[in-house]
Amino acid sequence: MTFADSLAQGAKAEKRAIAAFNRAGWCCIAHGAARMGQVQMPLISPSGQKLSTDFVCFRGADYIFAEIKSKCPLDRGGFGLDLAQWRTLLEHENSLTGRTLVIIENRAADKLVAARVTDLQAAPSELSRSGFYIFFSEDCFRPLAEFLEGENARNEH
């Protein structure tokens, strides 16, 4: 797969996830969306400039940073994330009052699944031999629609 093909696949997954958030009543800003030839907008924090996520969703005063990946499960099951990006997502989760979410477009099952970074942080994980990737079991993720239903119920109280 070429880089352009990979970028197009990621953009399609992002649009699909944003549509799911919109249907659930959230507004989204795609500040880091996959686009050929465009640099991702940074998150400028008190501790300096950092890479941000693909988009951020708002509903009232609540917000969620969302990172989207389009993947097929690994042969051993689960999904891998680039370790440097994982560390950035951890920083987002630990330094912001909103939530940070990893959404996977599971291409094999044609569905969107999601996990909060704090939940992934607490879950069993495994580093690749190279130390460049971290792996999480598919069991760590739940359908995005189910996650959003829970968020909507939480916001109604």
Side-chain angles (χ1 to χ4, degrees), residues 3-72 78-107 109-123 125 132-136 138 140-157:
F3 178 71
D5 291 339
S6 178
L7 200 60
Q9 199 159 34
K12 181 179 156 253
E14 290 167 356
K15 288 176 185 168
R16 189 175 173 189
I18 288 170
F21 272 90
N22 288 159
R23 282 190 304 274
W26 293 76
C27 296
C28 302
I29 300 173
H31 61 276
R35 284 177 239 136
M36 190 61 108
Q38 288 197 330
V39 178
Q40 183 182 41
M41 291 176 60
L43 174 68
I44 301 169
S45 74
S47 62
Q49 188 168 298
K50 303 178 183 326
L51 290 177
S52 191
T53 56
D54 295 320
F55 61 89
V56 63
C57 300
F58 299 92
R59 185 172 171 175
D62 198 9
Y63 66 93
I64 296 173
F65 278 95
E67 181 64 30
I68 315 303
K69 300 294 179 194
S70 180
K71 299 177 172 284
C72 287
F79 304 101
L81 294 174
D82 176 278
L83 186 59
Q85 186 173 44
W86 170 243
R87 288 183 175 138
T88 299
L89 294 172
L90 284 171
E91 286 182 43
H92 283 23
E93 182 70 23
N94 294 327
S95 64
L96 300 168
T97 57
R99 287 160 319 288
T100 306
L101 193 64
V102 175
I103 300 170
I104 305 286
E105 178 188 50
N106 180 339
R107 293 193 311 258
D110 191 31
K111 65 181 180 178
L112 294 171
V113 294
R116 281 194 58 188
V117 166
T118 53
D119 295 336
L120 291 175
Q121 188 177 16
S125 62
F132 291 117
Y133 302 97
I134 187 165
F135 302 107
F136 297 98
E138 283 183 76
C140 296
F141 296 86
R142 61 185 168 142
L144 178 59
E146 182 182 302
F147 173 83
L148 291 171
E149 284 175 21
E151 289 299 302
N152 287 345
R154 183 182 95 122
N155 287 333
E156 290 170 2
H157 296 279

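Numbers here are sequence positions counted from 1.
Residue Cys28 comes nearest to Asn22 through the heavy atom pair SG-ND2, 4.0 Å, listed as atom of the first residue, atom of the second, then distance. The heavy-atom pair separating Ala17 from Phe55 by the smallest distance is CB-CZ, 4.0 Å. Across every non-hydrogen atom of Leu120 and Cys140, the tightest pair is CD2-CB, 3.6 Å. In plain terms, the two heavy atoms of Ser70 and Gln9 that are nearest each other are OG-CG, 3.6 Å. Closest heavy-atom contact between Ile68 and Asp54: N-OD2, 2.7 Å. Thr100 and His92 get closest at one heavy-atom pair: OG1-CB, 3.4 Å.
Remark: side-chain polar atoms of Lys111 are not paired, donor with acceptor, to backbone N or O of Pro143 under 3.5 angstrom.
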Exercise. Kindly determine whether Trp86 and Val117 satisfy side chain to side chain contact (heavy atoms under 4.5 Å, CB included), including the steps that lead there.
Key: CA-CA 9 Å; Trp86 170 243; Val117 166; 3.9 Å; yes
Quiz prompt | Worked check of salt bridge (Lys or Arg N to Asp or Glu O under 4.0 Å) between Glu105 and Arg107 | solution = CA-CA 6 Å; Glu105 178 188 50; Arg107 293 193 311 258; 5.6 Å; no
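For the pair Thr118/Arg99, no side-chain contact is recorded, criterion being any heavy-atom separation below 4.5 Å from C-beta on. For the pair Leu83 and Phe132, the minimum side-chain heavy-atom distance is 4.5 Å or more. Residues Leu96 and Tyr63 meet the side-chain proximity criterion, which asks for heavy atoms closer than 4.5 Å. A 4.5 Å side-chain heavy-atom check between Glu138 and Asn106 finds at least one atom pair inside the cut-off. Between Phe136 and Ile104, the closest side-chain pair of non-hydrogen atoms is not below 4.5 Å. Put simply, the side chain of Leu144 reaches to within 4.5 Å of the side chain of Phe21, judged on heavy atoms. The side-chain heavy atoms of Phe58 and Ile29, taken from C-beta on, include a pair separated by under 4.5 Å. Side-chain contact check for Trp26 versus Ile64: some heavy-atom pair is nearer than 4.5 Å.
Salt bridge status for Arg16 with Asp110: present, with a side-chain N to carboxylate O gap under 4.0 Å.
In this structure, the separation between CD1 on Ile134 and CD on Gln85 is 12.0 Å, given to the nearest 0.5 Å. Distance check, rounded to the nearest 0.5 Å: CG of Leu148 to CG of Leu101 gives 8.0 Å. Separation of atoms OG (Ser95) and CG (Leu90) is listed at 10.5 Å; rounding is to 0.5 Å.
For OH of Tyr133, the number of neighbouring non-hydrogen atoms (other residues, nucleotides, ligands) closer than 6.0 Å is 12 at most.
Judged purely by distance below 3.5 Å, without hydrogens or angles, the side chains of Gln121 and Glu93 never pair a donor atom with an acceptor atom.
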